[in-house]
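Numbering starts at 1 and runs along the sequence shown. Because the structure is a prediction, the values reported are computed rather than measured.
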Amino acid sequence: MEVSEILKKLPYSAPFLFVEELLHVDENGATGTFTFNENLDFYKGHFKENPVTPGVILTETMAQIGVVCLGIFLVGNELNSESQIGLASTEIEFLKPVFPGEKVTVISEKIYFRFNKLKCRVKMLNENSEIVCEGTIAGIIKVK
């Protein structure tokens, strides 16, 4: 499956799409990027004088690039409009803040994909190649 096909099958749209580029995907993992536009709504209140990207948004970005894009690749053409994708578990450690305007890179490595459950090791890097956060994320892909 081509990268452009994977991006078209993502079940998200702005303002909740956190995949800008999908740089690489194969049966073992995925790599992609996203730039956090300074005008995103959550910056208005997370923190008023010094906005920082919320951890839940960083986790969602890692899930969309590292688990959902990879899952779509693995499931391939079996995925259809009635398929369901859901988060099963996360264990993330946050190491550095991500500020408005920053571009991040997400790298995932498949731990396993069985019984419609995909579990990956994920890490997010800032533009200086420093680890922002890392951990594991699992999701379920239900194909109908």
In Å and rounded to the nearest 0.5 Å, what is the [atom1] to [atom2] distance from [X] to [Y]?
| X | Y | atom1 | atom2 | answer |
| --- | --- | --- | --- | --- |
| Phe94 | Thr59 | CZ | OG1 | 3.5 Å |
| Glu91 | Glu93 | CD | CD | 9.0 Å |
| Arg114 | Lys119 | CZ | NZ | 9.0 Å |
| Leu10 | Ile6 | CG | CD1 | 8.5 Å |
| Leu22 | Thr31 | CG | OG1 | 8.0 Å |
| Leu125 | Ile107 | CG | CD1 | 4.5 Å |

With a 4.5 Å limit on heavy-atom distance, are the side chains of [X] and [Y] in contact?
| X | Y | value |
| --- | --- | --- |
| Thr136 | Ser89 | no |
| Tyr12 | Glu60 | yes |
| Cys133 | Leu95 | no |
| Leu17 | Gln64 | yes |
| Thr33 | Val104 | no |

Looking only at atom types and distance, does a side-chain atom of [X] sit under 3.5 Å from a main-chain N or O of [Y], one as donor and one as acceptor?
| X | Y | value |
| --- | --- | --- |
| Glu27 | Leu70 | no |
| Ser83 | Leu79 | no |
| Glu5 | Glu2 | yes |
| Asp26 | Gly29 | yes |

Give the intermediate values and the outcome of side chain to side chain contact (heavy atoms under 4.5 Å, CB included) for residues Arg121 and Ile111. CA-CA 7 Å; Arg121 272 183 215 86; Ile111 298 171; 3.7 Å; yes
Report the C-alpha separation of Thr53 and Phe99 in whole Å, then their side-chain angles, then the decisive distance to 0.1 Å, and conclude whether the side chain to side chain contact (heavy atoms under 4.5 Å, CB included) test is met. CA-CA 6 Å; Thr53 309; Phe99 298 104; over 6 Å; no
Decide if atom CG of Asn77 counts as having more than 12 heavy atoms of other residues, nucleotides or ligands within a radius under 6.0 Å. no
Heavy atoms of other groups near Glu130 CD, more than 12 under 6.0 Å: yes
Stepwise, does the side chain to side chain contact (heavy atoms under 4.5 Å, CB included) test hold for Val98 with Phe36? CA-CA 8 Å; Val98 174; Phe36 288 97; 3.7 Å; yes
How far apart are the closest heavy atoms of [X] and [Y], and which atoms are they?
| X | Y | value |
| --- | --- | --- |
| Cys120 | Lys110 | SG-CA, 4.0 Å |
| Lys9 | Met1 | CE-CE, 4.0 Å |
| Lys123 | Met62 | C-SD, 4.2 Å |
| Gly66 | Val106 | N-CG1, 4.2 Å |
| Ala30 | Val25 | CB-CG2, 4.0 Å |
| Ala138 | Lys117 | CB-CE, 3.7 Å |

Grouping I, L, V, M, F, W and Y whenever their side-chain heavy atoms are under 4.5 Å apart, do [X] and [Y] come out in a common cluster?
| X | Y | value |
| --- | --- | --- |
| Phe16 | Ile65 | yes |
| Ile92 | Val52 | no |
| Ile72 | Ile140 | no |
| Phe73 | Val3 | yes |

Specify whether Phe34 and Phe18 have parallel, tilted or perpendicular ring planes, treating 30° as the upper limit for parallel and 60° as the lower limit for perpendicular. perpendicular
Apply side chain to side chain contact (heavy atoms under 4.5 Å, CB included) to residues Leu58 and Val56 and explain how you reach the verdict. CA-CA 5 Å; Leu58 298 178; Val56 68; over 6 Å; no
Please determine whether a side-chain nitrogen of the Lys or Arg among Lys103 and Glu21 lies less than 4.0 Å from a carboxylate oxygen of the Asp or Glu. yes
Would you please name every residue forming a side chain to side chain donor-acceptor pair (under 3.5 Å) with Glu20, sequence neighbours left out? Thr35
